[in-house]
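What you see below is based on every heavy atom in this structure, not just the backbone, and it leaves out hydrogens, waters and symmetry mates.
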Amino acid sequence: MDKRRFQRINFKADVSFVRLAYGIEGQGKIRDLALGGIFLENPTQYPELNEILEITLSLENYGQEMKVLLKGEVVRVEEGKGIAIKFLEIDPQSFNHLKNILYFNSPDPDKVWKEIQRFLGEAYPLFRQVKFMKILGLKKELMPYLLERAFLYSPEKPFKLSSGKQSAYYLDCRKITLYSPSFVLVSELFWEEIRFSFVEGVAGMSIGADPIVCGILAKAYEEGVHLEGLLIRKEPKKYGTLRQIEGNVKPGMEVLLVEDVVTTGSSVLKALHALREAQVKVLKVLALVDRLEGGREAIEREGVPFQAFFTIEEIISAYQKKDSLKS
């Protein structure tokens with residue numbers, strides 16, 4: 001259960017589940033319930049970590065039994081105590097029942113409402129499918145700009161990367177984030193992923209992420225969403241405010257960290273450190289391109305999820321396909 005993102009309520013109900021990998025049924029009782037998941041006390045079966053379950057919550061509503069049907073992943077196993085399950089999918093009718101339970105039993109209904117909207121974009125099948133199709137379409141539109149403006153190939157004279165390594169391939173993504181037609185597509189791509197996260201702001205390491213942060217702010221405002229933008233310097237200013245983070249930074253705020261290209265992840269780790277020093281919570285790192293050189297692993301070791309819209313392999317494959325069509 002993601003404790004940072006979804007508040008828990010004490011709610012008692014019987015639960016039955018099926019271990020899909022084995023076809024074995026089990027039962028348990030809810031100790032804590034949140035929009036993100038549940039904790040079951042003393043289940044009759046103890047599934048393995050990361051096992052997928054089909055879950056049925058049996059509830060009473062004005063004397064009538066109703067059932068909430070979900071699919072979840074086991075994220076913690078405490079032998080002799082219980083299991084924590086993260087929700088992955090929920091059908092529309094069940095979602096309606098679940099949100100009502102949480103809304104009317106929570107001490108902070110406004111916070112639950114925000115969580116409900118965030119959850120819609122992640123686990124509600126229709127919203128998730130629409131989001132997937134939009135992102136796929138935007139990637140298709142953006143790929144020609146990546147190939148024509150940002151992607152460079154020079155096997156005879158390799159490029160030196162920020163990591164110090166030599167590579168025949170180089171991506172200068174500022175040529176698309178600083179060009180109006182592709183800037184709009186990049187902004188829409190990031191916003192489509194961020195829309196249901198309901199964070200307070202977006203942050204990025206200067207200067208590569210600056211246009212991405214600004215583009216997201218513009219797209220958010222178009223939909224009436226007020227987001228804070230945070231720009232992180234490589235080192236604190238030596239004059240004036242002496243700040244390393246520009247923007248209305250506040251302790252405890254939740255943000256997403258964005259980047260254009262991630263190689264080893266060193267720049268992202270510097271940004272993470274600066275944000276943590278300012279007591280800002282980073283819920284996720286989003287990158288336009290992952291060069292697949294250890295950045296994902298380095299970021300995830302910090303306990304932060306990572307997602308990239310493109311990989312270097314995907315771009316090279318598109319480049320080779322385009323090149324073969326020419327010949």
Side-chain angles (χ1 to χ4, degrees), residues 1-9 34-36 102-103 106-122 177 186-187 190-260 262 265-288 298-307:
M1 193 182 304
D2 194 333
K3 297 178 183 177
R4 293 183 305 176
R5 302 175 61 221
F6 301 112
Q7 62 173 303
R8 296 175 295 171
I9 63 170
L35 196 61
L102 292 163
Y103 189 81
S106 171
D108 189 352
D110 290 338
K111 183 176 180 182
V112 168
W113 182 242
K114 183 183 286 189
E115 292 175 355
I116 286 168
Q117 295 176 78
R118 177 184 290 172
F119 184 76
L120 278 172
E122 297 180 358
T177 59
V186 170
S187 303
F190 275 84
W191 175 242
E192 196 60 46
E193 181 61 39
I194 288 170
R195 177 183 278 113
F196 290 107
S197 62
F198 289 87
V199 290
E200 295 167 77
V202 287
M205 178 67 84
S206 289
I207 61 172
D210 290 1
I212 298 175
V213 170
C214 294
I216 293 168
L217 296 181
K219 294 303 298 181
Y221 186 71
E222 285 179 12
E223 298 189 16
V225 177
H226 294 184
L227 281 182
E228 299 284 356
L230 304 179
L231 302 180
I232 305 161
R233 299 170 177 270
K234 290 184 179 178
E235 56 184 35
K237 288 170 67 174
K238 294 181 171 58
Y239 57 90
T241 62
L242 305 178
R243 285 185 172 185
Q244 185 172 3
I245 302 174
E246 298 293 345
N248 188 28
V249 60
K250 295 173 288 184
M253 70 189 300
E254 295 183 339
V255 305
L256 295 178
L257 181 57
V258 300
E259 183 62 286
D260 55 355
V262 168
S266 59
S267 292
V268 172
L269 296 182
K270 288 178 184 176
L272 272 174
H273 178 74
L275 290 166
R276 285 172 172 170
E277 284 285 308
Q279 299 178 52
V280 173
K281 298 179 182 178
V282 178
L283 299 187
K284 190 175 187 179
V285 173
L286 279 178
L288 185 62
I299 293 164
E300 290 181 345
R301 278 197 295 271
E302 292 293 317
V304 180
F306 173 81
Q307 178 184 343

Can you measure from CZ (Phe190) to CG (Leu217) and round to the nearest 0.5 angstrom?
-> 13.0 Å
Check against side-chain contact (heavy atoms from CB on, under 4.5 Å), Ile232 and Leu257 | CA-CA 10 Å; Ile232 305 161; Leu257 181 57; 4.2 Å; yes
So, for Ser267 and Met205, which heavy atoms are closest and what is the spacing to 0.1 Å?
-> O-CE, 3.4 Å
Let me know which of Leu231, Val255, Leu286, Ile194 forms a side chain to side chain contact (heavy atoms under 4.5 Å, CB included) with Val202.
-> Ile194
Between CG on residue Leu288 and OG1 on residue Thr177, distance to nearest 0.5 Å = 8.5 Å
Would you call Glu223 and Arg195 a side-chain contact if the rule is heavy atoms closer than 4.5 Å?
-> yes
Minimum heavy-atom separation for Ala220 to Leu227, with atom names?
-> CB-CD1, 3.7 Å
Just checking, is any N or O donor in the side chain of Trp191 or Glu222 under 3.5 Å from an acceptor N or O on the other one?
-> no
Note: Leu275 and Ala203 closest approach over all heavy atoms is CD1-CB, 4.1 Å
Minimum-distance pair of heavy atoms, taken over all atoms of Ala278 and Ile245 = CB-CD1, 3.9 Å
Checking side-chain contact (heavy atoms from CB on, under 4.5 Å) for the pair Glu246/Lys237: CA distance, chi angles, key distance, verdict?
-> CA-CA 10 Å; Glu246 298 293 345; Lys237 288 170 67 174; 3.1 Å; yes
So do Tyr221 and His226 actually touch side chain to side chain, heavy atoms under 4.5 Å?
-> yes
Nearest heavy-atom contact between Val285 and Ile299 is CG2-CG2, 3.9 Å
Side-chain contact test, heavy atoms from C-beta onward, threshold under 4.5 Å: evaluate it for Phe306 versus Val262 and give yes or no.
-> yes
In short, Gly252 meets Glu200 closest at the heavy-atom pair O-OE2, 4.1 Å
Output, in order, the C-alpha distance, side-chain angles, deciding distance and verdict of side-chain contact (heavy atoms from CB on, under 4.5 Å) for Met253 and Leu230.
-> CA-CA 11 Å; Met253 70 189 300; Leu230 304 179; 4.2 Å; yes
Would you check if Lys284 and Pro305 make a side-chain contact, meaning some heavy-atom pair closer than 4.5 Å?
-> yes
Between Lys234 and Lys270, does a side-chain contact (heavy atoms from CB on, under 4.5 Å) hold up when you go through it step by step?
-> CA-CA 8 Å; Lys234 290 184 179 178; Lys270 288 178 184 176; 5.8 Å; no
